[in-house]
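Any value given below was found using the heavy atoms of this structure, including those in side chains, with hydrogens, waters and symmetry copies removed. Note that the structure is predicted; figures quoted are calculated from it, not measured.
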2 protein chains.
Amino acid sequence: MVNSTPSPLQNLQQAGLRLTPQREAIYALLTETDSHPTAAEIYEILKPRFASLSLATVYNTLETLVNLGIINALGGAGDSQTHYDADTSPHVNLACLACNTIVDIPSTLVQEIHQEVSQNSGFKVLGARVLYYGLCPTCQAKETTPNR
Amino acid sequence: MVNSTPSPLQNLQQAGLRLTPQREAIYALLTETDSHPTAAEIYEILKPRFASLSLATVYNTLETLVNLGIINALGGAGDSQTHYDADTSPHVNLACLACNTIVDIPSTLVQEIHQEVSQNSGFKVLGARVLYYGLCPTCQAKETTPNR
DNA sequence: TTCTAAATTTAGAATTATTATAAATAAAAT
DNA sequence: ATTTTATTTATAATAATTCTAAATTTAGAA
Ligand SMILES: [Mn+2]
Ligand SMILES: [Mn+2]
Ligand SMILES: [Zn+2]
Ligand SMILES: [Zn+2]
């Protein structure tokens with residue numbers, strides 16, 4: 001046995017890019033959370049541990065990782081900020097338009113769709129953004145009691 | 001027989017809103033095209049026929065229609081503009097990141113996912129954004145011949 | 001037909017997420 | 001060491017969208 005867990009970040013070096021502390025920290029944060037954070041949120045979380053971090057670096061890194069297919073950009077979720085997801089396996093993301101959180105929903109059907117689309121479209125499919133939106137249980141309760 | 005095709009725009013008046021010429025034209029344009037246009041594109045198309053039209057009205061109307069569930073906001077497609085879709089039935093949208101066009105893909109699986117998500121999540125599902133992205137056949141050809 | 005109040009449109013200003021720029025730093029190659 | 005290349009950083013610029021307030025339209029009452 002050589003190495004049991006080859007990190008997707010290895011792809012960086014294969015592409016002639018460097019595995020810097022900033023890139024490592026940003027990717028590690030993304031894999032360790034299930035909150036689908038935005039660039040600004042990542043920046044705020046990492047700033048204490050990483051005094052000199054720049055927001056531009058966060059954006060640069062996220063774009064790099066997306067282009068390498070290591071992470072997915074999910075787009076906005078009621079807010080107007082792009083949310084990122086280190087889980088690139090086919091799954092359903094479910095966003096609450098009221099509190100702007102995104103959770104994952106297990107679904108066996110998504111993988112079938114992925115194949116269906118790849119085969120019947122003529123497109124070269126690079127990624128998927130399966131995002132349902134609505135109101136989470138907590139925010140539903142607040143909605144049903146509108147004002148007061 | 002009273003009326004065979006009740007337009008979704010009837011919902012406007014039921015919600016106490018007015019069915020203005022601008023709203024009617026914007027919705028008609030969306031239903032008659034399959035191009036999933038942006039607010040700016042809708043504005044440019046309607047400006048000749050509608051001299052006094054304002055871009056703010058296009059944004060206002062699109063937001064109104066989205067909130068009523070009459071149309072869907074698909075989000076960006078490689079560009080950074082929100083694309084809109086008058087087809088609210090469950091279907092797969094497929095975006096080309098190179099030319100920023102979006103086409104529809106028929107899929108029976110999407111409807112099942114919609115139910116699956118609604119039942120197992122506890123969310124009140126208001127809409128779906130099923131968007132795959134990649135390269136369309138035309139842009140694939142251009143990619144394989146990178147420079148020159 | 002006026003009159004009045006609410007809804008809507010409009011032009012333009014403001015906001016803000018993201019991208020671009022250019023200098024400083026760090027790492028790799030020679 | 002020196003040179004080159006990649007990267008980070010601070011900051012400015014961009015541009016999609018939203019906000020604001022005045023003008024216009026509409027529906028209904030008088
Ligand atoms: Mn996810
Ligand atoms: Mn569509
Ligand atoms: Zn919520
Ligand atoms: Zn294309």
Side-chain angles (χ1 to χ4, degrees), chain A residues 9-27 29 36-44 46-68 70-84 95 97 100 102, chain B residues 9-27 29 36-44 46-68 70-71 73-84 95 97 100:
Chain A
L9 282 183
Q10 302 299 322
N11 299 1
L12 274 176
Q13 290 158 317
Q14 293 178 0
L17 304 175
R18 294 173 188 165
L19 181 43
T20 65
Q22 292 88 340
R23 286 170 175 170
E24 200 168 10
I26 290 168
Y27 180 71
L29 170 63
H36 307 80
T38 66
E41 288 170 346
I42 293 171
Y43 174 66
E44 289 303 323
L46 255 39
K47 193 162 53 174
R49 273 183 273 167
F50 235 103
S52 74
L53 184 65
S54 162
L55 181 57
T57 297
V58 176
Y59 274 106
N60 290 342
T61 298
L62 290 170
E63 184 188 6
T64 297
L65 297 180
V66 167
N67 290 340
L68 289 172
I70 297 176
I71 66 173
N72 276 339
L74 293 184
D79 50 8
S80 51
Q81 287 154 277
T82 300
H83 292 253
Y84 294 88
L97 298 180
N100 303 323
I102 301 180
Chain B
L9 283 183
Q10 302 298 323
N11 299 1
L12 273 176
Q13 291 159 317
Q14 292 178 0
L17 304 176
R18 294 174 187 164
L19 180 42
T20 65
Q22 291 90 340
R23 285 171 176 169
E24 200 169 10
I26 290 169
Y27 180 71
L29 170 62
H36 306 80
T38 66
E41 288 170 346
I42 294 172
Y43 175 65
E44 289 303 323
L46 255 39
K47 194 162 51 174
R49 271 183 274 167
F50 235 103
S52 73
L53 184 66
S54 163
L55 180 58
T57 298
V58 177
Y59 275 107
N60 289 341
T61 297
L62 290 171
E63 184 188 5
T64 297
L65 297 180
V66 167
N67 289 340
L68 289 172
I70 296 176
I71 67 173
L74 292 184
D79 49 7
S80 51
Q81 289 154 275
T82 301
H83 292 253
Y84 295 88
L97 297 180
N100 303 324

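For the atom pair CG (Leu46(B)) and CD (Gln22(B)), the distance works out to 9.5 Å, reported to the nearest 0.5 Å.
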**Contact pattern, 5' to 3', of nucleotides 14-25 of chain D - B, S or - by protein heavy atom under 4.0 Å** = --SSBB-----B
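Here the rule is side-chain contact (heavy atoms from CB on, under 4.5 Å) with Tyr27(B), and of Leu19(B), Leu12(B), Leu65(B), Thr61(B) only Leu65(B) fits it. Of the residues listed (Val58(B), Ile26(B), Val66(B), Thr38(B)), the one engaging Tyr84(B) in a side-chain contact (heavy atoms from CB on, under 4.5 Å) is Val66(B), and it is the only one.
For Leu12(B) and dT26(D), the CG to P distance is 15 Å, given to the nearest whole Å. One can place OH of Tyr43(B) at 10 Å from P of dG12(C), the figure rounded to the nearest angstrom. Here the C1' atom of nucleotide dA17(C) and the CD atom of Glu41(A) are 13 Å apart, to the nearest Å. One interatomic measurement links the two molecules: CG of Leu65(A) to C1' of dT7(D), which rounds to 14 Å at whole-angstrom precision. In this structure, Arg23(A) atom CZ and dT9(D) atom C1' are separated by 14 Å, rounded to whole Å. Rounded to whole Å, atom C1' of dA27(D) lies 14 Å from atom CG of Leu17(B).
With hydrogens and angles ignored, the 3.5 Å screen pairs no side-chain donor or acceptor of His83(A) with any backbone N or O of Leu74(A).
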**Message:** side-chain contact (heavy atoms from CB on, under 4.5 Å), that's the test. Do Leu62(B) and Ile42(B) meet it? Break it down for me.
**Reply:** CA-CA 10 Å; Leu62(B) 290 171; Ile42(B) 294 172; 4.1 Å; yes
**Message:** Assess the residue pair Leu9(A) and Arg23(A) against the criterion (side-chain contact (heavy atoms from CB on, under 4.5 Å)); give the C-alpha distance rounded to whole Å, side-chain angles, the decisive distance to 0.1 Å, and a yes or no.
**Reply:** CA-CA 9 Å; Leu9(A) 282 183; Arg23(A) 286 170 175 170; 5.6 Å; no
**Asked** Pairs counted as Watson-Crick or G-U wobble with both distances under 3.5 Å: what dot-bracket string results for DNA chain D, using | for bases tied to another strand?
**Response** ||||||||||||||||||||||||||||||
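Contact check for Ile70(B) versus Thr64(B): no side-chain heavy atoms found under the 4.5 Å cut-off.
For residues 47-67 of chain B, the pairs satisfying salt bridge (Lys or Arg N to Asp or Glu O under 4.0 Å) are Glu44(B)-Lys47(B), with sequence neighbours left out.
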